[in-house]
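The structure under discussion appears below in the form of structure tokens.
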Amino acid sequence: AKLLQNISDALKGKVVGYTAVVGGLFIASDGMARTNTDPPSLKMDPTIPGNMASVSKTLTAVAVLQLLAKNGLTIDSNIAPYLYSDWSQGPNIGQITFRQLLRHRSGIITDCGGNKTTYAILKGIVAAGVQATNINQPLYNNCNFAIFRELLPALLGQPINNLADGPVRANKSADMYITYMNANVFAPVGIPTSACEPAAGFNIILSYPYPAGSTHGTDWGKWTLSCGGGGWVLSPRDVLLVL
């Protein structure tokens, strides 16, 4: 209860809307998920979905740890054997481990801000390689987690190297990642089928500057082909269920 009060004190009157759920027992919501500028207006509530941004990394990490265990691997296993066989692997890619991706210490320095985490970008990073001196140096980067989307087929024992390099393979790997997350991370804890894009309709948390004034909110759009380091659309209650 004290933790929830501290969160509320830090946010109330400083944001357009917020919601917090602590321990499944205590809930605080205040303000708006949608303002009158984006009718119909909607009061903030922990059951309303929104783009979870980098909380998606924690969700992806659950899947990664599951798959490593199923394959008899550890976080210190190298990622190289699970990359596509026709991807060129640049310098030092063979040194990178799952631990280094999970800790943002892979040596990747390419700008992967927001949803700049598509198949083509990840392929280019792998081809360019990384500097050995950058490995184990901390640098927060969305691509560290988005690349799990392209490692997942091999980790599942369902490699898709036979698919054409490019959009066809990118769409398939994204579909496999989203399907795996729903079946093995979300469904077991009672979360309905979810996506890396907002569902149709108005039941969605929008993001606003503060004060919002007459500024329209954003739902951050479709991340299906760049999901992993960000992009999942879930409610705060859903995230609590996973935790």
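Index from 1, following the sequence. The figures here come from the full heavy-atom set of this structure, side chains too, leaving out hydrogens, waters and symmetry mates.
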(message) Please say yes or no: joined through hydrophobic side-chain contacts below 4.5 Å, possibly via intermediate residues, are Phe145 and Trp223 part of one cluster?
(response) no
(request) Say whether Met52 and Val233 are linked into one hydrophobic cluster, either directly or through other cluster members, by side-chain heavy-atom distances under 4.5 angstrom. (result) no
(request) Looking only at non-hydrogen atoms, find the nearest pair between Ile147 and Leu83 and report the distance. (result) CD1-CD2, 4.3 Å
(request) Under 4.5 Å between side-chain heavy atoms, chaining through other members, with only Ile, Leu, Val, Met, Phe, Trp and Tyr counted: pull out the rest of the cluster around Leu4, sorted by chain and number. (result) Leu3, Ile7, Leu11, Val15, Tyr18, Val22, Leu25, Phe26
(message) I'd like to know if the side chain of Ser235 pairs up with that of Asp238 as donor and acceptor (distance under 3.5 Å, no hydrogens or angles considered).
(response) yes
(request) Find out whether Pro49 and Asn203 are in side-chain contact, i.e. whether some heavy atom of one side chain is under 4.5 Å from a heavy atom of the other. (result) yes
(message) I need the single residue from Arg149, Glu150, Lys172 that forms a side-chain contact (heavy atoms from CB on, under 4.5 Å) with Tyr177. Which is it?
(response) Arg149
(message) Quick check: closest heavy atoms across Pro46 and Val21, and the distance to 0.1 Å?
(response) CB-CG2, 3.5 Å
(message) Would you say Asp165 and Tyr119 are linked by a side-chain donor-acceptor pair, where the criterion is simply a distance under 3.5 Å?
(response) yes
(request) Taking the side chain as every heavy atom from C-beta outward, state whether Lys43 and Ser29 have any atom pair closer than 4.5 Å. (result) no
(message) My understanding is that only one of Asp76, Asn136, Asn78 makes a side chain to side chain donor-acceptor pair (under 3.5 Å) with Gln100; could you say which?
(response) Asn136
(message) Testing the 3.5 Å rule here: is there a donor-acceptor pair between the side chains of Lys222 and Asn115?
(response) no
(message) Membership question, hydrophobic clusters at under 4.5 Å side-chain separation (ILVMFWY): are Val62 and Ile178 in the same one?
(response) yes
(message) Ignoring hydrogens and geometry beyond distance, is a side-chain donor-acceptor pair present between Gln137 and Asn134 at under 3.5 Å?
(response) no
(request) For Met44, enumerate each residue passing the side-chain contact (heavy atoms from CB on, under 4.5 Å) test, keeping only those at least two apart in sequence or located in another chain. (result) Thr19, Ala33, Ile205
(request) Specify whether Tyr82 and Phe98 have parallel, tilted or perpendicular ring planes, treating 30° as the upper limit for parallel and 60° as the lower limit for perpendicular. (result) tilted
(message) Between Val55 and Leu234, is there a side-chain heavy-atom distance shorter than 4.5 Å?
(response) no
(request) Using a 4.5 Å cut-off on heavy atoms from C-beta on, say whether the side chain of Leu59 contacts that of Phe186. (result) yes
(request) Not counting sequence neighbours, which residues clear side-chain contact (heavy atoms from CB on, under 4.5 Å) with Asp38? List them please. (result) Arg34, Thr35, Leu206, Tyr208, His216
(message) When you compare the side chains of Trp232 and Ser194, does any donor N or O come within less than 3.5 Å of an acceptor on the partner?
(response) no
